[in-house]
**Q** 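One structure, as structure tokens, below. Some questions next.
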Amino acid sequence: MTKIPESAQCLVSNSNQKRRQSDFFVIMATGRGLFNKQFSDHLKKQKPEVVIPALHRVPPNPTHSRAKQEKSKDNSTISPQRKNNTKSHHSEKSYIETIPPELWLKIFSHLDPVSLLSVGSVNRYFYKLSKDNLIWYAVFTSYTPMRSYSWKPKTVAAVQLQLSATDLNDKEPGYWKNIFMSQMITHRKKRIQQILHSVKSISGVPANIEKAVKLSGLTWAVTFKDTSGKETVMKQMDICFSHTSLSVVWCGLVWPCIKSLTTVQVHGVTPMIFDKYISPSKKWPNRLSLIAEYDLRSLMESCEYIGQDKYVKLLHLKPGLLLALWKKSFEIAFVIATLHYHQLLELSTLGSADNIYTFPPHAPVLDDIDPNYGLHGYQLHIDMHSGLRTYLCGTYRSLFCRKEYIKDGFLRLSVIALKNSKQHAPVVGNIGFSWKTQTFEGNIQL
């Protein structure tokens, strides 16, 4: 038997290991990851150490070193401003913009109108893409607000067959978006008018106001403006309905500094799109209608405290706004507005963000026979309550008013006189104002 030299044994072992490694890579392609990883680790441990003899140093090529030095000089002569410009040029393009716009448009084509409007407010690139006429034409032809079933988008391919390339090129980006939004505004007006006509009035007071509020999706918000022009909007946290009015509560942990506030506004908020199949948790496009505006610049001088407890002081801003301040920090604790049902829906839906809705002028009917026509036959309803607790509730009919008692659209009626004991009405319990926030609660005795 012939003995194999050590060099030949090394070559044989290396060839066998190469053959094993090739088999190992074939196995790797089959997807058996854990087993193959363990097998490769085992092979690495068994790999023999190969000693490579030291090679003679090759003298450097003078031409190659000279070219390398010239290249380094050229790089050093480049101004740092130019380098920064090249870096900023590459960094300006975000990761979103590296994705082909056709892919984004394909994704946008499956969104409902509310989601499509929300996507357009993410950044400028999405805003530009979200105005695509092909997508909004599909929305415009598919979405019918008066239908009772949910909205289903048409495929872009089906719409593309209906529209030629010239039709799309003739229209500016966002054309069909504006057409769709104008249709939604028209539908909103019709829907609001239907809700207003459905409200039944009993003795001049709406009877089913709570149902109308739910149908219209109406909520209320307060907007604070400070000296720098910054606006802080607070959404309603709670609402309480009574016989003739409702109370809206705003409370939270973060409020603007009251010393820097200039005005506070109360708005009615209604959705632009009436669709019960769209989730209300989404950020709907809303319309604001100004109800009242209060000047806070002279609040500390002309404020009227109507009560306090160990936590808060209660301020009254006319008409109908209560502002509670913490005693220790003198910051806002909560805000409550009392809104009468009379013409409340019109004020909350038909106005604008900066202007209160103006009602058409009322022309009284003239009566030559009765000189006191319009001065008698009044009815007054008094409802004194705090939340769900009622202290006094009564209705007084056949009341009379004098001409000198009518001023600035209001009239004065006397129903309970101090000296007339027959007109006195009982009050149930001790009159107080109950309040509650996320952290504290109390009762202010009035």
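All values derive from a computational prediction rather than experimental measurement. Heavy atoms only: backbone and side chains are in, while hydrogens, waters and symmetry mates are out. Quick note: residue numbers are just sequence positions, from 1.
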**Q** Taking S216 for its side chain and A212 for its backbone only, find out whether a donor-acceptor pair lies under 3.5 Å.
**A** yes
**Q** Going by side-chain hydrogen bond (donor to acceptor under 3.5 Å, both in side chains), name the residues that satisfy it together with E293, two or more places apart in sequence or in a different chain.
**A** Q265
**Q** Say you draw a straight line from CD1 of I192 to CD of E346; how long is it, rounded to the nearest 0.5 Å?
**A** 10.5 Å
**Q** Only one of V248, V264, L321, L322 passes side chain to side chain contact (heavy atoms under 4.5 Å, CB included) with V335; say which it is.
**A** L321
**Q** Any chance you could measure W176, atom CH2, to Q183, atom CD, to the nearest 0.5 Å?
**A** 10.5 Å
**Q** So Q193 and H197, do their side chains get closer than 4.5 Å, heavy atoms only?
**A** yes
**Q** Where the side chain of H267 meets the backbone of V269, is there a donor-acceptor pair that is under 3.5 Å apart?
**A** no
**Q** To the closest 0.5 Å, what do you measure between OG1 (T270) and CG (N286)?
**A** 7.0 Å
**Q** Roughly how far, to the nearest 0.5 Å, is the OG1 atom of T223 from the CG atom of L288?
**A** 6.5 Å
**Q** Name all residues meeting the ring-ring contact (aromatic ring centres under 6.0 Å, His included) criterion together with F440; count only those two or more places apart in sequence or in a different chain, and write none if there are none.
**A** Y311, W326
**Q** Using the rule given for side-chain contact (heavy atoms from CB on, under 4.5 Å), can you reason through I239 versus V249, listing the C-alpha separation, both sets of side-chain angles and the distance that settles it, and then say yes or no?
**A** CA-CA 6 Å; I239 185 171; V249 182; over 6 Å; no
**Q** Just to verify, what does H385 make a side chain to side chain contact (heavy atoms under 4.5 Å, CB included) with, not counting sequence neighbours?
**A** S242, S245, S247, D383, T390
**Q** Would you give the length of the straight line joining atom CD1 of I209 to atom CG of L339, rounded to the nearest 0.5 angstrom?
**A** 10.0 Å
**Q** Identify the heavy atoms of M234 and V254 that sit nearest to each other, and give their distance.
**A** CE-O, 3.9 Å
**Q** Strictly by ring pair (Phe, Tyr, Trp, His ring centres under 6.0 Å), give each pair with a member in residues 224-259 just once, sequence neighbours left out.
**A** F224-W255
**Q** Can you name the ring-ring contact (aromatic ring centres under 6.0 Å, His included) partners of F126, sequence neighbours left out?
**A** W104, F108
**Q** Contact between Y127 and L129 at the side-chain level, heavy atoms closer than 4.5 Å - yes or no?
**A** no
**Q** Applying side-chain hydrogen bond (donor to acceptor under 3.5 Å, both in side chains), name anything that partners T395, two or more places apart in sequence or on another chain.
**A** H381
**Q** Any idea which heavy atoms bring L290 and A353 closest together, and the distance?
**A** CB-O, 3.9 Å
**Q** Evaluate the side-chain proximity of V312 to L325: yes if any heavy-atom separation is below 4.5 Å, no if none is.
**A** no
**Q** Strictly distance-based, threshold 3.5 Å: is any side-chain N or O of Y137 a donor or acceptor partner for the main-chain N or O of D132?
**A** no
**Q** Once salt bridge (charged side-chain N to carboxylate O under 4.0 Å, His left out) is applied, what residue pairs with a partner in residues 305-320 remain, sequence neighbours excluded?
**A** none
**Q** Apply side-chain contact (heavy atoms from CB on, under 4.5 Å) to residues I291 and I356 and explain how you reach the verdict.
**A** CA-CA 6 Å; I291 298 177; I356 301 176; over 6 Å; no
**Q** Within the 4.5 Å heavy-atom criterion, are Y294 and T263 side-chain neighbours or not?
**A** no
**Q** Closest heavy-atom contact between N430 and R389?
**A** N-NH2, 4.4 Å
**Q** When rounded to the nearest 0.5 angstrom, what distance separates CG in L347 from OG1 in T358?
**A** 9.5 Å
**Q** When you measure from the side chain of H424 to the backbone N and O of A417, does any donor-acceptor pair fall under 3.5 Å?
**A** yes
**Q** Check C251 against F334 and note the closest heavy-atom contact, atom names and distance.
**A** CB-CB, 4.0 Å
**Q** List for me each residue that meets side chain to side chain contact (heavy atoms under 4.5 Å, CB included) alongside K235, sequence neighbours excluded, and say none if there are none.
**A** none
**Q** Using modelled atom types and a 3.5 Å cut-off, is there a donor and acceptor pairing between side-chain atoms of S386 and backbone atoms of S434?
**A** yes
**Q** Test of understanding: with salt bridge (charged side-chain N to carboxylate O under 4.0 Å, His left out), list the residues that count as partners of K225, not counting sequence neighbours.
**A** E231
**Q** Tell me every residue that passes ring-ring contact (aromatic ring centres under 6.0 Å, His included) with W220, counting only those two or more places apart in sequence or in another chain.
**A** none
**Q** Please identify each residue that fulfils side chain to side chain contact (heavy atoms under 4.5 Å, CB included) with L392, with sequence neighbours left out.
**A** I382, M384, A425
**Q** How close do S348 and S289 get, counting heavy atoms only, and between which atoms?
**A** O-CB, 3.3 Å
**Q** If you compare all heavy atoms of L105 against all heavy atoms of I135, which two are closest, and at what distance to 0.1 Å?
**A** O-CD1, 3.5 Å
**Q** Test of understanding: with side chain to side chain contact (heavy atoms under 4.5 Å, CB included), list the residues that count as partners of D226, not counting sequence neighbours.
**A** S228, K230, S260, L261
**Q** For the side chain of N178 and the backbone of G174, is there at least one donor-acceptor N/O pair under 3.5 Å apart?
**A** yes
**Q** Any heavy-atom pair between the side chains of W136 and L116 that's under 4.5 Å?
**A** yes
